[in-house]
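A short write-up of the structure that comes next.
All chains are named by letter (A, B, ...) in the order of the sequence lines, taking the proteins before the strands, and each is independently numbered beginning at 1.
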There are 2 protein chains.
Amino acid sequence: MKNVRVVRSGSIKSYQISPDGEEVVSGFFLPGEVIGLDALATETHPSFAVALEDSQTCDIPLPDFLKMLRDSPKLNEVMIRLLSEEMVETRELLLVVGRLDAQTRVALFLLSLSRRLARRRQNPDQFKLSMDRRDIANYLGITIETVSRTLSKFQRNDIIEVHGKQIRILNRQALESIAMPGLNASTQTGGESSQSTG
Amino acid sequence: MKNVRVVRSGSIKSYQISPDGEEVVSGFFLPGEVIGLDALATETHPSFAVALEDSQTCDIPLPDFLKMLRDSPKLNEVMIRLLSEEMVETRELLLVVGRLDAQTRVALFLLSLSRRLARRRQNPDQFKLSMDRRDIANYLGITIETVSRTLSKFQRNDIIEVHGKQIRILNRQALESIAMPGLNASTQTGGESSQSTG
DNA sequence: CGGTTTTTTGAATCGAATCAATAGGCGTGG
DNA sequence: CCACGCCTATTGATTCGATTCAAAAAACCG
């Protein structure tokens with residue numbers, strides 16, 4: 001699969017196969033987002049991609065893309081910028097993922113989805129998860145059970161509403177304060193919320 | 001610090017300041033490695049860098065560097081490749097850091113250092129850590145105590161020898177098998193109480 | 001519907017963090 | 001050179017969060 005792929009509609013899961021044969025989810029892509037930029041290094045995708053729902057994508061074969069790169073200095077600049085941005089984002093995720101507790105990861109995940117939906121003018125406060133719990137857990141590096149428990153807890157605290165894959169954000173502020181690594185503890189989250197102060 | 005920086009000698013720690021004011025170590029750089037590629041996106045470094053020992057670096061001011069990029073399609077290509085490679089590497093680290101236990105992280109860390117030393121023709125089996133336990137812990141997303149315990153354990157199992165910052169790798173195979181996420185468990189690493197020469 | 005898979009919830013266990021105390025290095029000054 | 005104090009590292013005991021194992025409940029599909 002040596003393509004650069006632009007997502008047009010639907011959603012895509014990308015994953016790798018770890019040395020021990022396990023699937024490892026490395027990202028979810030929404031419309032407008034680009035998959036396979038890291039293919040530029042190796043000229044082969046280190047990862048696979050599957051659609052999570054009916055999706056349309058626009059594939060550009062890697063050789064063609066490289067040729068375009070050579071022909072267009074402008075595209076070159078854009079690509080460097082895109083890569084560099086993705087780099088910053090991934091680096092941040094890296095800082096975050098290894099050291100955060102489960103509920104922070106889940107909060108960040110929900111907010112990330114929300115933000116990306118907002119960017120394409122969809123309701124950021126109510127949306128349907130296109131991936132199942134297993135994929136979320138895998139992506140966040142926690143277990144299915146912990147994802148489930150955490151969502152339940154958020155719901156109990158009136159931060160979100162969960163109906164299967166349907167999510168509604170009720171208290172964005174609370175969610176954001178949970179997502180903040182160690183920053184301000186209590187918003188108006190009452191109940192059992194108890195995000196640790198340090 | 002709007003520079004792209006090439007490390008010539010010594011070693012450099014790069015870090016960010018998290019929202020709650022904590023230092024977060026984001027990488028260690030050895031000679032020949034390049035710091036600040038992600039500066040290309042924002043035109044400002046998201047991170048700081050300090051020398052861990054006497055070091056020489058070669059700084060290229062970002063504007064100059066960007067001009068060079070504009071003037072040289074060749075450099076452009078090289079940069080895209082470099083960024084893309086760094087991307088792959090960081091992505092892998094990401095997969096790994098969020099889901100691995102402490103001793104796997106430490107093993108990977110030691111092997112990473114070793115590999116990078118080998119690349120520049122230094123002894124990959126005996127070297128001095130230029131950073132302290134605090135930095136290692138911070139980088140790996142675990143605590144000082146856990147780093148210490150893990151190194152001690154490796155030593156007890158005759159996998160490495162530790163004298164403060166001086167490290168000697170005694171059983172690379174064992175270290176590698178620990179570093180493998182969930183792959184073949186026992187080389188001769190066995191449990192804590194495996195046989196040993198004394 | 002029945003059967004399957006996904007999700008939620010509960011109880012027990014395990015690993016790492018935390019709290020606390022000791023040991024080792026290292027530079028300064030007696 | 002040794003004594004002292006400071007800082008880093010190690011080790012031990014306890015606590016806490018997440019995993020694991022197990023089972024029930026809900027959603028999904030032919």
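- Under 4.0 angstrom from either OP1 or OP2 of dT9(C) there lies at least one side-chain N or O belonging to S152(A).
- Between the CG atom of L151(A) and the P atom of dT6(C) there is a distance of 17 Å, given to the nearest Å.
- One atom, CG of L129(A), and another, P of dT8(C), lie 10 Å apart when rounded to the nearest Å.
- Listed by chain and residue number, R134(A), D135(A), K165(A) satisfy the side chain to side chain contact (heavy atoms under 4.5 Å, CB included) test with D132(A) (two or more places apart in sequence, or in another chain).
- Atom CG of D132(B) is separated from atom C1' of dG24(C) by 15 Å (rounded to the nearest Å).
- Figure legend: cation-pi geometry between K13(B) and Y15(B), with NZ or CZ positioned under 6.0 Å from the six-membered ring centre and within 45° of its axis.
- For R116(A), the salt bridge (Lys or Arg N to Asp or Glu O under 4.0 Å) partners at least two apart in sequence or on another chain are E33(A).
- Across the protein-nucleic acid pair, Q155(B) atom CD and dG24(C) atom P stand 13 Å apart, rounded to whole Å.
- For R120(A), there are no salt bridge (Lys or Arg N to Asp or Glu O under 4.0 Å) partners, not counting sequence neighbours.
- Protein atom CZ of F154(B) is 17 Å distant from nucleotide atom C1' of dA9(D), rounded to whole Å.
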Inset, instruction - Go along nucleotides 18-27 of chain D 5' to 3' and tag each nucleotide: B for a protein heavy atom under 4.0 Å from its base, S when only backbone or sugar atoms are that close, - otherwise. - result: SBBB------

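- Judged as a salt bridge (Lys or Arg N to Asp or Glu O under 4.0 Å), and not counting sequence neighbours, R133(A) has no contacts.
- Atom NZ in K128(A) sits about 13 Å away from atom C1' in dT6(C), given to the nearest Å.
- Spacing between atom CZ of R133(B) and atom P of dA16(C) amounts to 18 Å, rounded to whole angstrom units.
- Atom CD1 of I144(A) is separated from atom C1' of dT9(C) by 14 Å (rounded to the nearest Å).
- Scored by the salt bridge (Lys or Arg N to Asp or Glu O under 4.0 Å) test, D101(B) finds no partners at all (sequence neighbours excluded).
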